[in-house]
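Remarks on the structure that follows.
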Amino acid sequence: MHVVITGANRGIGQALDARYKAAGHDVSGTSRAGGEFLRLDVTRPEDHQAMATTLDSRPVDLLICNAGVYLDKHENLADGYPAQMWADTMSANVTGVFLTIQNLLPNLQMAQNPKIAIISSQMASQERAPGGSYIYRASKAAVLNLGRNLSKDLAHIGIAVGIYHPGWVKTDMGTDAAEITVDQSADGLVACFADLSMNDTGCFRTWDGRPHPY
C-alpha cells in the first residue's frame, strides 16, 4: 500500500508516518522544509505540481491530508483576528487540502480501493461552538464541508472520503493540557482509515471511530 501523508514531519503526521512504515507500507510523507520528506508547502500551487510530478504514475492507496495551522489560538475579539491571519489559515487548512487532493487525483484513480482521510476537528461541528478560535473553527468547518462534497463527487469513481477529529492531542498545537497522547490518536486513526469504505464515505468520525455530529 502506498500512503501519502501531508505534514508528516511532526505531531500526528509523524506518528502516522512511523506506523505505516513499521507496517511495511510505502510511505510518502511531506513537509514544508523537505529534507527526508517530499517538499510540500500546501499553500503553494507550484509545490503541489512538483509533488504530482515526483509521484507521477504511482498509485496512491491512502491520502492523509493532515497538514494544517492554528494561528489564532491566543487572539481576542476586541482587536485580534487580523485579515491576513484569516487568509493564511484558510490557505493552509482548506485550499491546501483541496489542492493536495486535486493534484493527486490521477494517482488515487490508479489504486484499487483508494481512500482520502481529511483531518478536521471537533471544533468544526456546529454543535460545538463555545466561542473563540474563530479562524481555526471556520477553517475546520470549511474542510469538513469540503470533504462531504468531495465524497459525493468522487463516489462514481470509487474513492472513499472520511473526515476525522484526531482528538485533543498532546502536541505543540494541542499543548500538554490535552486529553490524549499522540500515540493514542495515531493508533485510533490508523484503525479508522482501515475501516473506511464506500459504505461510509463522507463520514465524520472521532479518532476512536465514533460518529461525530456535523
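Positions are given from 1, in the same order as the sequence printed here.
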Common cluster, [X]/[Y], ILVMFWY with side-chain heavy-atom separation under 4.5 Å:
X	Y	answer
Met51	Phe37	no
Trp207	Leu16	yes
Val4	Ile101	yes
Met1	Leu108	no
Ile157	Leu62	no

The ring-ring contact (aromatic ring centres under 6.0 Å, His included) partners of Phe193 (sequence neighbours excluded) come to Tyr164
Gln112 atom CD, over 12 foreign heavy atoms within 6.0 Å:
no
- In this structure, are over 12 heavy atoms from other groups packed under 6.0 Å from Lys152 atom NZ? no
If you look at every heavy atom in [X] and [Y], which pair is closest and at what distance?
X	Y	value
Leu77	Tyr134	CD1-CE1, 3.8 Å
Gly11	Val182	O-CG1, 3.8 Å
Gly167	Ile180	CA-CD1, 4.0 Å
His2	Pro59	ND1-O, 2.8 Å
Asp72	Ser133	OD2-C, 3.1 Å
Ser125	His212	CB-CE1, 3.6 Å

If we only count heavy atoms from C-beta on, is the [X] to [Y] side-chain gap below 4.5 Å?
X	Y	answer
Met123	Tyr70	yes
Leu154	Ile116	yes
Val42	Val97	no
Leu55	Leu38	yes
Val60	Leu63	yes
Ile5	Val3	yes

If you measure from [atom1] on [X] to [atom2] on [Y], what distance do you get to the nearest 0.5 Å?
X	Y	atom1	atom2	result
Ile118	Lys140	CD1	NZ	9.5 Å
Leu150	Gln102	CG	CD	10.0 Å
Met85	Thr89	CE	OG1	7.0 Å
Leu104	Ser28	CG	OG	9.0 Å
Cys65	Phe98	SG	CZ	11.5 Å
Asn103	Leu40	CG	CG	9.0 Å

Hey, does the side chain of [X] reach the backbone of [Y] with a donor-acceptor pair shorter than 3.5 angstrom?
X	Y	value
Ser120	Ile163	no
Thr6	Ala67	yes
Lys115	Leu196	yes
Asp17	Tyr20	no
Asn113	Asp61	no
His165	Gln122	yes
Glu75	Tyr81	yes
Thr206	Arg210	yes
Thr201	Val161	yes
Ser121	Ala124	no

Checking Thr43, Thr30, Leu99 against His48 for side-chain contact (heavy atoms from CB on, under 4.5 Å), the one that qualifies is Leu99
*Arg148 to Phe204, cation-pi by 6.0 Å centre distance and 45° axis angle*: no
### Query
Do Arg205 and Asp200 pass the salt bridge (Lys or Arg N to Asp or Glu O under 4.0 Å) test, and can you show the C-alpha distance, the side-chain angles, and the key distance before you say yes or no?
CA-CA 10 Å; Arg205 299 192 183 281; Asp200 61 351; 3.7 Å; yes
- Query: What do the steps show when you test Asn9 against Ser31 for side-chain hydrogen bond (donor to acceptor under 3.5 Å, both in side chains), and what is the final call?
  - Reply: CA-CA 6 Å; Asn9 59 309; Ser31 75; 4.8 Å; no
**Message:** Whether the Thr181 and Asp183 side chains hold a donor-acceptor pair (N or O, under 3.5 Å, no angle test) is what I'd like checked.
**Reply:** no
Practice item. Consider only side-chain N and O atoms of Asp153 and Asn149, and report whether a donor and an acceptor are under 3.5 Å apart. Key: no
List, one per line, each side-chain donor-acceptor pair under 3.5 Å for residues 185-192, sequence neighbours excluded.
residue, atom, partner, partner atom, Å
Ser185, OG, Pro166, O, 2.7
Asp187, OD1, Arg19, NE, 2.6
Asp187, OD1, Arg19, NH2, 3.3

Taking 4.0 angstrom as the limit, do Arg32 and Asp47 come out as a salt bridge? no
